[in-house]
Engineer: 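Quick one: the structure is below, and I'll ask about it shortly.
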Amino acid sequence: MATSAAFAFFVCFLISIATFHVCFCNAISSSANHTRNNITCFENEREALVKFKQDLKDPSNRLSSWDIEEDCCQWAGVVCDNFTGHVHEIQLRSPFYLDSPTITFAEYEAYMSHQLHGKVNPSLLDLKHLQYLDLSNNDFEGTSIPSFIGSIANLRYLNLSYAGFRGAIPPQLGNLTKIHFMGLTGGFDDHKELVLHSDGNLHWLSGLVSLQHLDMSHIDLSKALDWLQVTSNLPSLVELHLSYCRLEYAFSPSSTNKINFTSVNILDLSYNTLGSSVSGWIFSLNHLVTLNLMECGFYGPIPSGLQNMTSLKVLDWSGNPSNSIIPSWVYSLHHLESLILQGNLLHGAMSIAIGNLTSLVSLRINSNSLSGFIPVSIGRLSSLIILDLSYNKFNGTLPKSLWQLGKLEALLIRYNLLQGVISYVHFANLTRLRYLQAGGNSLTLKASENWVPPFQLEILNLDSWQLGTQFPLWLPSQRNLQYLSIANTRISESIPTWFWPSFPNLKYVNLSRNQIRGEISSLRNVGRLYVIDLSSNHFSGTLPLVPSNLMWLDLSNNFFSRSIYHVLCGKGEEPNNDLFFLNLGDNLLSGKIPDCWKHPYLQMIKLENNNLAGSIPNSIGQLSGLQSLHLRHNNLSGELPRTLQNCSFLRVIDLSENSFTGSIPPWIGNSFLTLIDLNLRSNKFSGDLPHELCRLSSLQILDVAHNNLSGSVPRCFANFRAMVEINNSRSPIFYYIGYGIADNLFLVTKGRYVEYSTTLGLVTSMDLSRNNLSGVIPEELTKLRGLWSLNLSGNHLTGRIPRNIGDMRQLESLDFSLNQLFGEIPSSISRLTFLSHLNLSYNNLTGSIPSSTQLQSMNDSSFLGNKLCGPPLTSCNPKKPIPPQVDPPGSEENGEGSLEALFFASMALGFAVGFWIVLGPLLFKRSWRIAYFRVLEDISHKLWDFIS
């Protein structure tokens, strides 16, 4: 009985305590809420923030509440302490940032307008309790990082990354002894130079004993020789990001014992030059979880020391040329969750042991030369979310086990040598798939008409697959598609009515290199299209109306006809202002080029191979960012508009095969200082070659052939530096804004048109043929040692071939034919070991042909019409008259001498020889004649019987 009473008393006691606790806590909570609702910021801190705002430019009115609200704790970006009311945080990171590869110019402008500008006012020092300051992603217009920030004593968080600061990092930041997070990421200026740098050592970091996260990426630390010793001794450091800091070595051998990264879990040293091999101290960091050594200049096999880093979960070794197979020890890193080995020149097969890496979530080994079959064991990587095997040489069929990876979200196998049939059944388990990029393989997709895929794709690339002649009927189910590319898939029907409405989020569409036919009236209400590529199909009719926010439009190589006015000038809507790539070439377009160019971002215009007439409109001068202009092979006429000189960034001008008149404007040489290609071939330009062209030091291609130019060849053409230097780069002429654009050019060389794109960086050419130029060939031209092709044929040039012609070692094609040159061929010409085409015909040259393997392998037509002796000529008769200086029949387009004359001569000779071989015996042998006519008689009887 006593026990029961005691137990009842104990329960009542617990209930009483619990009730008291609840009431007490509720009372405190109520008091706190009351305090929060009535608290206001301090007047001195409000005044400090007002002064801070006065030095800022706020184009989007992000800080409008700073004028309306009296209580600064209610202002946007200001956070106060709930109890004291002191300002604790300023969060003014730009809310709009660039995180998409398909960013439009409208979005870019929105990003720019949301940035704060101006300078940082020292009034922040009056915020004595400030712990958090984030000004990242703004633009402080090249001002220095304020040194007074180092005096904000209570600061725990500082983020000034991508904020437009310039100059040296102030060492006063080392006074922030309570700081936990410091982000100082810099950036590049217009000349690709880093805008932030360190004036000397980083000793000022040594006192930041509480620092856990340090990001100094994109800051020039080349003078900070102590970077490793200082950062490795920060006792609390967990993350260190020093990407692209121009670090040139990883350690000093005498100080390796001072390296002590005891707490660092994440280390990013990517895009630095740390030597040809990995420093040993890195292998000792057994506690590292993430290691990024992308493009650090390492050579040779992936170092085996990495296998000892037993805590490593993320390894990025991309861009370090290994030129080896995947080491066997890599397959034993069971703890790895992300393995990135892209662009390492790896070759050989992938081992079946890849199945041992069962913890992998991401496997990226793209852009190598791996070959063989994809191992069946890859199906054991059940945790895999991202698989990227693109740009390798894997062959055979895809293993069935691959389709069992149910967690896969990204399957990237583009541009391999894969073959076989993929059935819709294979995709049954891939319910999470969002990115499927498999183009550039010889695969066939077999799907039933009723198939509904189990996934919702955002990106789909099936280029070069066999999909059948019709658009896949399962496509409309992919409502989330943003990127669609089914180029070169043998589709030949018209675009079905369901196609465009099915993809409300579509940004990129590529249907090129098919046989799609029909007309397209409008694309204005299709998704959010930024990129449209319908090139190389059979579309006809007028050009479609396009969205006003379109960035890339390629409708080339079709049968579109009539005007281009509504594409450029709009129809019922504002004209397109985001466009930076326009290709309407190789169609049947006619009419004038409209005078409504108002596209501030346009970089490339391609309207070649159409029937456009009239002159170039003056408004083209408003395209201040234009870099490439292709108007080749139209019916354009008139003089070049002076407004064109406003397009000062032009690098390619191709106006060939038109009827432009007047003189070549001198302002071309004054305005287009970055010009690479100037092609005015086959027009009606007259007058002298302006000496101002000599200022175009970047010029690789000069083609003014087939005009009416007169005067002499300017000696200052030797100033074309790009033709002087020997270029071994095969890089194309490349532009980039959001998407890469590799330009292509048509060049006449060796008598035929050749298109250059991927090897355009190697091409240097000067063609002045088929004009009325006179005088001598300047000896200065022989300074163009990097020149690949030189054609001066069909002019009235006199004098001798330049004595030092052999200095032009890179020449592959040389044509001086159809001029009035005299004297001997210089012996130095034998040094032109790359020469594969030579034409010196129809001049007044005398003497013997210099001896060299190249010259003696030439056709004798290269020397006709002169008084020359020796191989490859079979005879030498100094009394033989020189044929008159007339153009060979039909040579008006090739400018290469007498090739067609030789063709007709050889045809006549062949006819004569054939005549006598066949009919000669019939004339002199009676029995053959009788047999021949009997055969003819039998044939005639049989034909008569057949007809009757």
Side-chain angles (χ1 to χ4, degrees), residues 656-657 679-683 685-686 688-689 701-714 717 723 746-754 763-779 781-782 784 787-802 805 808 811-823 825-826 829 832 835-846 849 854-855 858-868 882-904:
S656 60
E657 298 184 62
N679 193 340
L680 305 178
R681 184 185 187 89
S682 298
N683 279 284
F685 289 108
S686 58
D688 294 351
L689 283 165
I701 300 170
L702 174 62
D703 190 344
V704 294
H706 293 257
N707 280 284
N708 299 315
L709 300 172
S710 56
S712 60
V713 178
F717 275 8
M723 299 183 188
F746 284 88
L747 190 66
V748 177
T749 180
K750 304 178 185 180
R752 63 184 186 275
Y753 270 106
V754 181
V763 178
T764 51
S765 172
M766 183 187 297
D767 193 343
L768 313 182
S769 64
R770 295 291 173 170
N771 282 287
N772 296 311
L773 300 174
S774 57
V776 301
I777 300 175
E779 185 74 30
L781 287 188
T782 61
L784 303 179
L787 196 62
W788 174 70
S789 176
L790 176 61
N791 190 345
L792 303 179
S793 68
N795 282 289
H796 305 294
L797 299 173
T798 59
R800 300 176 182 272
I801 295 175
I805 190 73
M808 306 176 75
L811 274 180
E812 294 186 22
S813 177
L814 176 63
D815 193 342
F816 289 163
S817 65
L818 293 165
N819 279 289
Q820 300 164 23
L821 304 175
F822 58 79
I825 301 175
I829 201 171
L832 302 181
L835 201 62
S836 61
H837 176 84
L838 173 67
N839 196 345
L840 302 178
S841 63
Y842 299 102
N843 281 284
N844 298 317
L845 301 173
T846 57
I849 298 172
Q854 295 299 115
L855 296 181
M858 298 293 170
N859 191 292
D860 59 4
S861 63
S862 300
F863 307 99
L864 288 178
N866 291 286
K867 296 179 180 179
L868 295 168
I882 298 175
Q885 298 286 333
V886 294
D887 293 352
S891 65
E892 53 274 352
E893 281 304 318
N894 58 29
E896 303 284 345
S898 56
L899 296 180
E900 291 198 41
L902 286 172
F903 170 76
F904 288 116

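Computed from a predicted structure; not experimentally measured. Quick note: numbers below take in every heavy atom, side chains included, and nothing from hydrogens, waters or symmetry partners.
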Engineer: For the NE2 atom of His796 and the OG atom of Ser712, what is their distance to the nearest 0.5 Å?
Structural biologist: 14.0 Å
Engineer: For a side chain to side chain contact (heavy atoms under 4.5 Å, CB included) with Ile801, tell me which candidate from Leu840, Ile829, Asn843 qualifies.
Structural biologist: Leu840
Engineer: Given 3.5 Å as the limit, does a donor-acceptor pair link the side chain of Asn772 with the main chain of Ser710, or not?
Structural biologist: no
Engineer: Keeping Asn819 on the side-chain end and Leu797 on the backbone end, is there a donor-acceptor pair under 3.5 Å?
Structural biologist: yes
Engineer: Keeping Ser836 on the side-chain end and Glu812 on the backbone end, is there a donor-acceptor pair under 3.5 Å?
Structural biologist: yes
Engineer: Tell me if a side-chain donor or acceptor on Ser793 pairs with a main-chain N or O of Asp815 at a distance below 3.5 Å.
Structural biologist: no
Engineer: Mind checking the CG-OG spacing from Asn795 to Ser769? Nearest 0.5 Å is all I need.
Structural biologist: 7.0 Å
Engineer: Go through the structure and list residues passing side chain to side chain contact (heavy atoms under 4.5 Å, CB included) with Ser686, not counting sequence neighbours.
Structural biologist: Asn708
Engineer: Please check if the side chain of Asn859 supplies one atom and the backbone of Ser861 the other of a donor-acceptor pair under 3.5 Å.
Structural biologist: yes
Engineer: Of all residues at least two apart in sequence or in a different chain, which pass the side-chain hydrogen bond (donor to acceptor under 3.5 Å, both in side chains) check with Asn707?
Structural biologist: none
Engineer: Answer whether the closest heavy-atom distance between the side chains of Asn866 and Ile825 falls below 4.5 Å.
Structural biologist: no
Engineer: With a 4.5 Å limit on heavy-atom distance, are the side chains of Phe717 and Leu768 in contact?
Structural biologist: yes
Engineer: Return the set of residues passing side chain to side chain contact (heavy atoms under 4.5 Å, CB included) with Pro778 (not counting sequence neighbours), or none when no residue passes.
Structural biologist: Val713, Arg715, Glu780, Leu781
Engineer: Quick one: list whatever passes side chain to side chain contact (heavy atoms under 4.5 Å, CB included) with Thr846, sequence neighbours left out.
Structural biologist: Glu824, Lys867
Engineer: Is there a donor-acceptor pair closer than 3.5 Å between any side-chain N or O of Thr782 and the backbone N or O of Ile805?
Structural biologist: no
Engineer: Using modelled atom types only, decide if a donor and an acceptor are shared between the side chain of Asn679 and the backbone of Ile701 within a distance under 3.5 Å.
Structural biologist: no
Engineer: Determine whether a donor-acceptor pair (N or O, by modelled atom type, separation under 3.5 Å) exists between the side chain of Asn839 and the backbone of Ser841.
Structural biologist: yes
